[in-house]
Amino acid sequence: MEANNNKHLPPKYDHKSIEADRYGFWLQGNYFEATGDPEKEPFSIVIPPPNVTGRLHLGHAWDTTMQDTVARMKRMQGYDVLWLPGMDHAGIATQAVVEAKLKEEGKSRYDLGREKFIDTVWDWKEEYADFIREQWGKLGLGLDYTRERFTLDEGLSNAVQEVFIKLYEKGFIYRGEYIINWDPSTKTALSDIEVIYEEVEGKFYHMRYPIKGSEETIEIATTRPETMLGDTAVAVHPEDERYKHLIGEKVVLPIVGREIDIVADDYVDMEFGSGAVKITPAHDPNDFDIGNRHNLERVLVMNEDGTMNKNAGKYDGMDRFECRKAIVADLQAEGVLFEIEDHTHQVGHSERSGAVVEPYLSTQWFVNMQPLADRSVELQKTDDKVNFVPNRFEQTYLHWMENIRDWCISRQLWWGHRIPAWYHKETGEVYVGKEAPADSENWEQDTDVLDTWFSSALWPFSTMGWPDEDNEDFKRYFPTDVLVTGYDIIFFWVARMIFQSLEFTDEAPFKDVLIHGLIRDADGQKMSKSLGNGVDPMDVIDKYGADALRYFLLTGSTPGQDLRFHWERVEATWNFNNKIWNASRFVLMNLEGFEYEDIDLTGELSLPDQWILTRLNETIEHVTQNTDKYEFGEAGRYLYNFIWDEFCDWYIEMAKISLYGEDEAQKQTTRSVLAHVLDQTLRMLHPYMPFITEEIWQQLPHEGESITVAAWPQVNPTYQNDTAVAEMDRVMGIIKSVRNIRAEVDTPMSRKVTMMIQTQTDTIAEELEANRLFIERFCNTEALTIGTNIDVPEEAMSAVVTGAELFLPLAGLIDFEKEIARLEKELEKWEKEVNLVQKKLSNEGFVAKAPENVVEAERQKEKDYLEKREMVEKRLAELKK
RNA sequence: GGGGCAUUAGUUCAGCGGGAGAGCGCUUGGUCGACAACCAAGAAGUCAUAGGUUCAAAUCCUAUAUGCCCCACCA
């Protein structure tokens with residue numbers, strides 16, 4: 001390779017050097033800052049804030065790449081784009097990680113005390129925040145860091161307090177003693193959706209409780225025998241003939257010796273088990289309700305850490321599962337427990353810690369969800385509804401909202417927003433407000449913090465200055481345009497943002513919600529730490545570059561579907577980048593001394609020029625439309641094919657004829673087309689692959705500082721030329737046919753021939769004549785004869801294209817039998833096509849009912865196929881003579 | 001128990017009313033001034049099954065099968 005040829009770009013695509021400094025360049029140019037420019041229309045997205053504890057995984061990379069792609073396109077389309085970054089304090093998750101670290105040092109949070117512990121977590125937060133920002137940079141995300149937020153920032157904390165207090169004042173937040181999901185390992189309450197139910201092979205324990213003052217017993221069954229220590233009744237159905245006579249009688253609770261009532265309640269299913277149920281109001285939500293209806297005592301038999309308490313009598317201090325074993329043994333010994341059956345059932349586990357969740361009686365804060373949910377459901381019946389993409393997730397969302405249950409929002413943690421409630425030390429009176437009442441020494445603040453999702457739910461507006469409704473950002477960028485997130489957090493986050501936003505801003509927080517799936521490994525397994533099958537996006541970037549990773553993520557699946565990670569596909573994308581790189585090298589090599597101002601498309605355009613410009617138009621239209629619809633896969637693939645199959649494989653190859661020719665004017669036009677098409681293509685590709693496109697664009701003749709702020713391509717009707725596309729199709733058809741023939745007989749001799757093309761009409765002959773140079777070169781033939789009536793040599797191979805038949809005279813090289821066989825196969829093919837199309841056209845229903853253009857297209861096909869069949873038939877007859 | 005998604009070439013996936021597509025893999029041939037991580041040519045699919053709607057179904061509807069995922073208080 002000549003040294004002067006590669007002065008622009010190095011000969012090999014090297015993602016590392018390309019991506020190394022580019023992010024800094026963008027940040028320095030402030031291209032990602034929302035300007036507030038009143039001339040521009042605002043467009044806003046808030047990032048789903050990642051947890052500060054973790055490094056970003058592929059799911060984050062996927063999620064944020066989609067946002068970046070939309071944001072970058074909108075920025076290029078002239079919008080004032082705000083993409084707001086930030087992070088989530090992630091209460092349980094973060095506290096658990098830091099506590100685990102402390103444990104390694106032999107310490108617990110109690111050793112440090114609340115304040116010191118929180119300081120430690122803040123240190124962690126800072127460290128991970130830096131990691132995360134670094135990873136965002138590696139991914140090339142166009143975030144406006146001047147507006148970065150953290151859920152525990154002063155402003156956001158203020159918003160959280162404001163919301164809590166307002167909801168309390170409205171009566172939408174209450175405090176009470178209820179059965180909640182308790183995680184004994186982290187010693188905190190959980191909301192319903194933080195509990196994951198898993199099928200577990202358990203046991204079903206059948207017992208007989210003795211009836212007081214009788215020989216009779218009543219059979220009950222349970223999966224959690226240790227809770228019998230807290231039983232305060234046995235319930236039967238009021239209509240159950242078997243037990244009617246026992247209602248009002250008493251049962252003597254084995255081991256405990258407590259006398260408890262037999263009560264009647266509709267809740268009991270007569271068909272299930274024995275039809276009698278033990279009631280433990282302090283350890284089961286249904287039993288709690290039954291307990292309320294019958295005024296039953298609530299006996300709590302466990303401590304917060306899952307050990308038994310003093311109400312458990314001799315089991316006091318035992319772990320709950322140890323106790324289960326012990327109590328089973330004891331009950332068996334007493335003959336009370338008479339059968340243990342295998343039983344698979346659903347057991348709740350903490351989403352975060354994995355511990356078996358205990359239904360537990362405790363005093364917590366709740367949000368009364370019904371009025372808030374009602375409003376969210378109503379919204380979807382109006383024109384202002386949130387548009388879910390894909391739409392089916394709206395059903396998922398609505399179903400949850402319509403069956404909403406109250407939200408337990410207090411958490412017994414230290415890391416989070418402390419609940420703004422104070423209790424009077426003596427009277428126990430409750431005060432809710434940002435500060436303690438005047439006689440503050442008599443009041444104590446609630447020690448609990450709020451569910452992390454309570455603050456995330458305010459994210460779209462708390463990050464923009466709310467509750468200050470005069471804040472410029474809030475006024476300009478809220479509501480946001482689109483939210484991008486996975487289907488796994490529709491309930492946790494999307495739903496809650498919607499109802500909080502409606503309540504406090506009277507608007508939905510976003511117009512569109514783009515929902516994506518989960519990333520899986522190559523075998524379709526969910527990526528997880530425990531399986532060890534996770535792939536670090538930074539490793540992928542290291543190996544193949546952020547552009548390759550991004551393109552893979554964007555084009556790897558359709559909206560809402562899961563995505564399997566395949567290294568081979570990332571590698572294939574790298575190859576695509578290498579292709580773009582080399583095509584660009586070629587273009588640059590031929591643009592010596594060519595400036596942006598030199599781009600001039602007013603000269604005489606060749607057929608390939610006209611064709612590629614038309615195809616560019618169509619590509620612009622297709623890519624713009626599909627990116628707007630979040631169909632990144634469709635848009636990305638279209639660009640891929642345009643670049644590789646059309647621009648590289650055809651246009652560049654044909655451009656060489658002009659570039660290596662003598663005609664200076666023509667050469668200048670070709671350069672213009674090359675520069676223009678590559679420039680426009682890079683712009684479209686930029687939201688998908690920001691690094692490589694910027695790098696090349698900077699080398700190309702260009703106008704402006706950065707492709708990030710270059711104008712998005714527009715369809716240019718001047719260059720729309722459908723005739724050129726048809727002509728080019730014919731030329732390409734001829735070339736492909738010849739290559740096909742050559743594949744069978746390719747020798748140096750076979751090139752020294754005069755190829756002949758017999759056309760159906762003079763028009764076609766003229767058309768081909770105008771492009772004879774391309775045909776000659778690409779067909780690798782010495783000479784070419786074109787005409788409507790030419791002398792066809794006998795010893796020739798032939799092929800048909802629409803409107804023409806071509807011959808390659810190959811005297812002495814042809815195996816006639818093979819050629820006849822080949823043509824017979826060809827004939828068979830056209831025969832089949834003709835039959836198919838004629839069958840369609842002879843169907844009266846089709847002709848009468850199908851749209852005009854469809855019928856017309858079929859007629860055209862019929863004509864074409866008939867012609868081709870005839871040509872092949874004729875040739876065959878000649879050969880057979 | 002309720003709901004959703006998937007089923008298309010060896011494989012991973014697009015296409016979602018009018019002629020079955022792509023990447024990878026496979027076969028054959030290629031060192032000619034961007035790229036061998038490339039070029040050219042090619043093989044390969046009763047579009048899960050059965051019905052229905054329609055002039056026309058991979059595409060819409062209804063069942064069935066298989067796999068996956070949500071939701072639900074059955075002790």
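Computed over heavy atoms, backbone and side chain alike; hydrogens, waters and symmetry mates excluded.
For A:Y267, counting side-chain heavy atoms from C-beta on, the closest listed nucleotide (B:A14, B:A75, B:U12) is B:A75. Of all nucleotides listed (B:C71, B:A34, B:G15), B:A34 comes nearest to the side chain of A:N582.
Taking the 5.5 Å centre cut-off and the 30° plane limit, the aromatic side chain of A:W574 is classed as stacked on B:A37.
Regarding contacts with the backbone of B:A34, a side-chain N or O of A:K656 is found under 4.0 angstrom from either OP1 or OP2. Within the 4.0 Å cut-off from OP1 or OP2 of B:C39, at least one side-chain nitrogen or oxygen of A:W644 is found. Close to B:C39, at under 4.0 Å from its OP1 or OP2, lies a side-chain N or O of A:K579. A:Y660 has a side-chain polar atom (N or O) that falls below the 4.0 Å cut-off from OP1 or OP2 of B:A34. Side-chain N/O atoms of A:R637 include none lying less than 4.0 angstrom from OP1 or OP2 on B:G23.
Contact of A:E858 with B:A56 (side chain to base): no donor-acceptor pair of N or O atoms is detected under 3.5 Å.
The P atoms of B:A56 and B:G23 are separated by 34 Å, rounded to the nearest whole Å.
At a threshold of 4.0 angstrom between heavy atoms, the contacts of A:K736 are confined to the sugar-phosphate backbone, with no base atom among them. Heavy atoms of A:V847 sit nowhere under 4.0 angstrom from any nucleic acid atom.
The CG atom of A:L518 sits 12 Å away from the C1' atom of B:C68 (whole-angstrom rounding).
Counting only N and O atoms by type, the side chains of A:T558 and A:Q561 include no donor and acceptor under 3.5 Å apart.
For the pair A:K579 and A:F647, the cation-pi criterion (under 6.0 Å, within 45° of the ring axis) is not fulfilled.
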